[in-house]
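Counting starts at 1 for both ligands and their atoms, following the listed order.
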Amino acid sequence: MSRAQEFLRPLVRDMPESEPILSLERMRAEYGFAPDELVKLDANENPYGALPEVREALEKLEAVHIYIYPDPECSALRQRLAQYHGVEQERIVVGAGLDEVIDLIFRVCIDVGDRLLNCPPTFGMYAFDGAMHQARLVSVPRKADFSLDMDGIQKAVKAEQPKLLFLPNPNNPDGGLITTEEFRQLADLPLLLVMDEAYIQFCDQEQTVMDEVAKHDNLIVLRTFSKWAGLAGLRIGYGVFPLEIAAAIMKIKQPYNVSTAAQLAATVTMDNIDKTVPVITRIREQRQVLLNGLAQIDWLESIPSQANFILCRVKGKSAATVADELRRQGIMVRCFDQPGLPNALRISVGTAEQMQKLLAALKEMR
Ligand SMILES: Cc1ncc(COP(=O)(O)O)c(C=O)c1O
């Protein structure tokens, strides 16, 4: 072990190397595509971007707003969000993306050895943050159709007494929903339930459990501006919490965790929220176009989704090879090959033009 390595916490030193996320810079260097030539369908971003009102507001950001630290309490935004959701402002915590909010939940709730219940396949950051905070992972895999194994969850809760459970609704990577009855049972469990509504705006029908937060002292609901609002690059998301947990996070979070630009962009989005509806409708329409197009490709088995992406099982070919071939054409999709999710691709819903290009490229592959 080198001297430098000796300084590292064993937990970090012994972690396996993670596959680096393919950045726009690497796509340019390795494949020769400029960012605006790419069809980026690997991270469920919103290809239409932020509202014009947001871009205008950012352009007018005055110098004073850049050299002075941001508002540690994100007051203007939290006020808008409180009004929008009909909850007290004190319940809301804003972070540099939901990734930070998820990490903050671990920081205030999880001691070394506490148990984290996880239902894979699901968003990878829960297990990752659990490992970083030395939680013990209790895994209850989903069924083959990606629905929750409710009996398995009940048994694991009895046997292991986990403290925390994160569930995206719709789930990433399949886009499936939790039923009202499942939610009712989950909220009754003796654990802190975090409903991650990163993709909730893309559902065909109202699915949110935001109204339930005030009724349960063990329920958190998460939202992000990365997907529906097109602000992924600015990093801003939030949670609505039981009052005491929100207060605990406000006590320990880094004071200036959310940049001035991100706060402004999210506040302007909330002030113009009606104008985001047409874009969300277009994404839903293109989701159907994508699903219909994928159904014509006999080596793909795609799963209907309520989010802005579609998961496909790849048959008789390697998903990694397909993803690589697409990448050479400037099309980026997410490839999975893990227990419970072997040989699969997750494709984000893009613009009509992007969907045409992707479907044409897939149809060319025999
Ligand atoms: C289910 C889920 N939660 C949270 C996030 C993180 O969102 P953010 O960009 O706000 O960090 C993602 C991003 O892909 C996600 O899929």
Enquirer: Scan residues 217-244 for pairs that pass ring pair (Phe, Tyr, Trp, His ring centres under 6.0 Å), counting only residues two or more places apart or in two chains.
Expert: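 Every pair satisfying ring pair (Phe, Tyr, Trp, His ring centres under 6.0 Å) with a residue in residues 217-244: H85-Y238, F225-W228, F225-Y238.
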
Enquirer: Using distance only, find each side-chain donor-acceptor pair of residues 330-343 under 3.5 Å and give its atom names and separation, not counting sequence neighbours.
Expert:
from	atom 1	to	atom 2	distance (Å)
D337	OD1	N343	N	3.0
N343	OD1	A319	N	2.7
N343	ND2	V314	O	3.0
N343	ND2	K317	O	2.7

Enquirer: Verify whether the ring centers belonging to F128 and F106 lie closer than 6.0 Å.
Expert: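 Between F128 and F106, the centre distance exceeds or equals 6.0 Å.
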
Enquirer: Return the protein residues near ligand 1 (heavy atom under 4.0 Å from any of its atoms), ordered by chain and residue number.
Expert: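 For ligand 1, the residues that come within the 4.0 Å heavy-atom cutoff are G97, L98, D99, F123, Y126, P168, N172, D196, A198, Y199, T224, S226, K227, R235.
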
Enquirer: What's the shortest heavy-atom distance between P120 and V140, and which atoms?
Expert: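 Minimum heavy-atom contact is CD-O, 3.9 Å.
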
Enquirer: Output every pair passing ring pair (Phe, Tyr, Trp, His ring centres under 6.0 Å) with a member in residues 182-206, not counting sequence neighbours, ordered by first then second residue.
Expert: Y199-F309

Enquirer: State whether E25 and R28 are salt-bridged, where the test is any N-O pair (Lys NZ or Arg NE/NH1/NH2 against Asp/Glu carboxylate O) under 4.0 Å.
Expert: no

